[in-house]
Amino acid sequence: LHIEIKNDVLRTYMGQVDDIEVERNKLNNILKVISSVNEEYRYCQGMNYLGEVILELIPDEEEAFYFFLGFFEYTEYPLIFGKDFNKLKIFFYVFKRLISLFEPELSSYFNSNGIEVRFFLPPWFVTLFLSSRQNNKTKELPIVLIRILDNFIVSGWKELMKVGIKLLNMYEKEVMKLRIEEMMQFLINDLLKKDF
């Protein structure tokens, strides 16, 4: 587990910071302690992006740790990390139904091409869309990501579902023009980079 965390932290882009190693050490420490505090909060790849943003907003390591711990204890975030990711599987089903209700043409396209929401939703949901900053070279955290995070804290997973459906709505025509491989690349990486 500690090796997995260390490897993810090394891949985490820490923005334009003065000492990237100091920031990575702080992030590594926070993720290791969080994953050992409660077995329900086991580490999952992608949590490093949330940790990175928390450290950016709260530079003090101890305060950032307590905020991250509070994020687990007082929001709906840990629901998806339960036993066998059962809740995440339910969210896949709900999101697929939402696509069929609000984007029927895209739903039909996904179904006819064997595209499952489980192919692209995990990076969206595990990172709360924060992985969209991975290749963003600006120092400032985009305000839209702060709003998504704030709304998630208040409203939970339904807020993430709204954002996901809105993104698919905005790019439906573009997505349906792509080949399967290009579509997956677009949905997992490029769509987030494009919009954020």
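Positions are given from 1 along the sequence.
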- Check the pair E76 / K87 against side-chain contact (heavy atoms from CB on, under 4.5 Å), numbers first and verdict last. CA-CA 11 Å; E76 295 182 355; K87 193 72 166 184; over 6 Å; no

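- Shown here are the ring-ring contact (aromatic ring centres under 6.0 Å, His included) partners of F91, two or more places apart in sequence or in another chain: W157.
- Judged by distance alone, the side chain of E63 and the main-chain N or O of I58 form no donor-acceptor pair under 3.5 Å.
- Cluster membership check: V22 does not share its hydrophobic cluster with L55, using side-chain heavy-atom separations under 4.5 Å among Ile, Leu, Val, Met, Phe, Trp and Tyr.
- A search for ring-ring contact (aromatic ring centres under 6.0 Å, His included) contacts involving Y66 returns nothing, not counting sequence neighbours.
- The CG atom of L10 lies 8.0 Å from the CG atom of N28; values are rounded to the nearest 0.5 Å.
- Taken to the nearest 0.5 Å, the NZ atom of K166 stands 12.5 Å off from the NZ atom of K162.
- Put simply, the side chain of F125 reaches to within 4.5 Å of the side chain of M161, judged on heavy atoms.
- Nearest approach of K158 to S155, heavy atoms of both residues: CG-O, 3.5 Å.
- The environment of K89 atom NZ is dense: over 12 non-hydrogen atoms of other residues, nucleotides or ligands sit within 6.0 angstrom.
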Just distance, no hydrogens or angles: give the donor-acceptor pairs under 3.5 Å from side chains in residues 109-117, sequence neighbours left out.
from : atom 1 : to   : atom 2 : distance (Å)
Y109 : OH     : M176 : O      : 3.3
Y109 : OH     : L178 : O      : 3.2
N111 : ND2    : S107 : O      : 3.3
S112 : OG     : S108 : O      : 3.2
S112 : OG     : Y109 : O      : 3.1
N113 : ND2    : Y109 : O      : 2.9

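- Listed for the K26 side chain is no donor-acceptor partner under 3.5 Å among the backbone atoms of E21.
- Annotation: the span from M183 atom CE to I188 atom CD1 amounts to 11.5 Å, rounded to 0.5 Å.
- Ring geometry for F68 against F72 counts as parallel: the plane angle stays under 30°, on a 0 to 90° scale with 60° as the upper cut.
- Listed by chain and number, the residues in a side chain to side chain donor-acceptor pair (under 3.5 Å) with R118 amount to none (sequence neighbours excluded).
- With 3.5 Å as the limit, one finds a donor-acceptor pair spanning the side chains of Y43 and D8.
- Partners of E182 under the side chain to side chain donor-acceptor pair (under 3.5 Å) rule, at least two apart in sequence or in another chain, do not exist in this structure.
- In this structure, I148 CD1 and L130 CG are separated by 8.0 Å, a value rounded to the nearest 0.5 Å.
- Counting heavy atoms from C-beta outward, Y77 and L128 have side chains that approach closer than 4.5 Å.
- For N151, there are no side chain to side chain donor-acceptor pair (under 3.5 Å) partners at least two apart in sequence or on another chain.
- Panel note: side chain S36, backbone V33; a donor-acceptor pair is recorded below 3.5 Å.
- Results of the side chain to side chain donor-acceptor pair (under 3.5 Å) test with N29 over E61, R24, E62 single out E61 as the only residue that passes.
- A distance of 9.5 Å separates CG of L27 from CD1 of I54, quoted to the nearest 0.5 Å.
- Atom CG in N86 sits 12.0 Å away from atom CG in L79 (nearest 0.5 Å).
- Taking each heavy atom of W124 and F120 in turn, the nearest pair found is CD1-O, 3.6 Å.
- Clustering ILVMFWY residues whenever any of their side-chain heavy atoms sit less than 4.5 angstrom apart, transitively, puts L101 in the very cluster that holds L106.
- Residues P123 and T127 come closest through the heavy atom pair O-OG1, 2.6 Å.
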